[in-house]
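For the numbers below, each heavy atom of this structure counts, side chains included, while hydrogens, waters and symmetry mates do not. Here is how names work: the chains are called A, B, and so on, in the same order as the sequence lines, proteins then strands, and each is numbered from 1.
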There are 2 protein chains.
Amino acid sequence: MGLRERKKRQTRRAIAEAALRLFAERGYEETTIADIAGAADVSPRTFFSYFPSKEDVVFAEIDERLTEVREGLDRRPPEETPLQSMRRIVLEMIEAIANEHGEYGAIQVQLILDRPSLQARALKRMNDTEQYVVERLTELCPGIDEVDAVVISGALVGGMKAVITHCRAHGYAPEATREAVDRALAIVEHGLGSVPVLTRPAT
Amino acid sequence: MGLRERKKRQTRRAIAEAALRLFAERGYEETTIADIAGAADVSPRTFFSYFPSKEDVVFAEIDERLTEVREGLDRRPPEETPLQSMRRIVLEMIEAIANEHGEYGAIQVQLILDRPSLQARALKRMNDTEQYVVERLTELCPGIDEVDAVVISGALVGGMKAVITHCRAHGYAPEATREAVDRALAIVEHGLGSVPVLTRPAT
DNA sequence: GTGCAAGTTCGCACTGAGTGTATATTCTGG
DNA sequence: CCAGAATATACACTCAGTGCGAACTTGCAC
């Protein structure tokens, strides 16, 4: 790897870290591109050759994580059922998020949860992942009904979302996480019919 | 209702229609706030006292629709099970969308599907609805597990999303729609276990 | 009607995100 | 060391969105 590419990585990292640090210190809206560029020792214009927008810098790492999820889906051993794959990947992802806690990961999540516009972008990414799951699913199970595939994918990703939310609220204790994942997947597998309160009229 | 309020409604409508028309004619990015204001015969500054942003004008009607869904949830007869309520509300909503087809409804959906940033906002709204369903659910079924509630809500709204997507792709034929809704809800109710391809290893 | 208070529109000046472009700087391969 | 490519930067620009104060319209009391 040449000097050129190394420097590029370095600059990208410098910008991302400066941005996250400033966002944490003084807030997202209160930080301008000029501030970030100044802190990272580049020109404001250069910021945009590394990140297409101010929002994207928040998602830099998260995108890498989502790429890993996709790769995990692609690499799944053939003897696994789709549900087993999902369980494995979700657990891996939660663990990765939990481990990242010391760095800027927590700040990112905090930012995304606070700013509605960032929330919207995060949901878009989730949705893109959902689309990807649909594609893989139709590829994996030829002849599967289209509605089935979309609903299944939605339920799986929805469950993942639920677990992440739950874990953030209750810390990342490993057994509790595993429990939540299993509980979510049980519903996805056996249906809401297994939740009694839903099948009888409730006032 | 006084003259003041009538005029306000009128202006709001004029702005929204001018905006949608221009978006359809020359594209979203190619239309500036100044263009819209000019077409609606108001000052650019006035636009922002009716809509907080350019994006929001696209969602004006859709927000009303979502409000209706919430109201439908609030008004549900006590003898219905939550699943039955959901089926009813989804069918009502699809029908409303289908009827709106003659007006600017189609343009709105087209815009949202094309522009990623609008897509993100639409997903945010879906997610807010999901939150609302969770709240109603915990209110309706005291003592329900938190993970359960989030997964259930995610699956229901995911199913709704699936049906809307499916209907857009295949037209809004009433029986086909009902079929898709029932298919989606069947999966949600009885679980993925009822879809054979998922429970055995598939390559 | 007249006048006053409240609501509404508008013009103006401003900030900040993001883009196009031309110029300088830095790296790479020979 | 040099030619050419990649990268960084300065500059000028568009557009979304905000704050503010002045002008105007409406509702209401007298």
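- Residue A:K7 places none of its side-chain N or O atoms closer than 4.0 Å to OP1 or OP2 of D:dT7.
- Look at CD1 on A:I15: it is 13 Å from C1' on D:dT9, rounded to the nearest Å.
- A donor-acceptor pair under 3.5 Å is absent between the side-chain atoms of B:S153 and the main chain of B:A149, judged by distance alone.
- Within residues 24-49 of chain A, the residues approaching DNA chain C are A:T31, A:T32, A:I33, A:R45, A:F48, by heavy-atom distance under 4.0 Å.
- A donor-acceptor pair is defined here as one N or O able to donate and one able to accept, closer than 3.5 Å; no such pair exists between the side chain of B:D114 and the backbone of B:L111.
- Partner of A:F23 under the side chain to side chain contact (heavy atoms under 4.5 Å, CB included) criterion, chosen from A:Q108, A:E30, A:K54: A:K54.
- B:D63 places no side-chain N or O within 3.5 Å of a backbone atom of B:A60 that could act as its donor or acceptor partner.
- Distance, B:K8 NZ to D:dG27 P: 13 Å, rounded to whole Å.
- Not counting sequence neighbours, the partners of B:E29 by the side chain to side chain donor-acceptor pair (under 3.5 Å) test are B:R115.
- Protein chain B touches strand DNA chain C; the 5'-most and 3'-most nucleotides with an atom under 4.0 angstrom of its non-hydrogen atoms are C:dA6 to C:dC12.
- Here the side chain of B:R76 pairs a donor or acceptor atom with the backbone of B:E80 at under 3.5 angstrom.
- Contact annotation: A:Y50 reaches the phosphate of D:dA8 (side-chain N/O to OP1 or OP2, under 4.0 Å).
- For the pair A:R12 and A:Y50, the cation-pi criterion (under 6.0 Å, within 45° of the ring axis) is not fulfilled.
- For the pair A:L3 CG and D:dT7 C1', the computed distance is 12 Å after rounding to whole Å.
- Rounded to whole angstrom, the span from the CZ atom of A:R9 across to the P atom of D:dT7 amounts to 13 Å.
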Please test A:T46 against A:S43 for side chain to side chain donor-acceptor pair (under 3.5 Å), starting from the C-alpha separation and ending with a verdict.
CA-CA 5 Å; A:T46 298; A:S43 83; 3.0 Å; yes

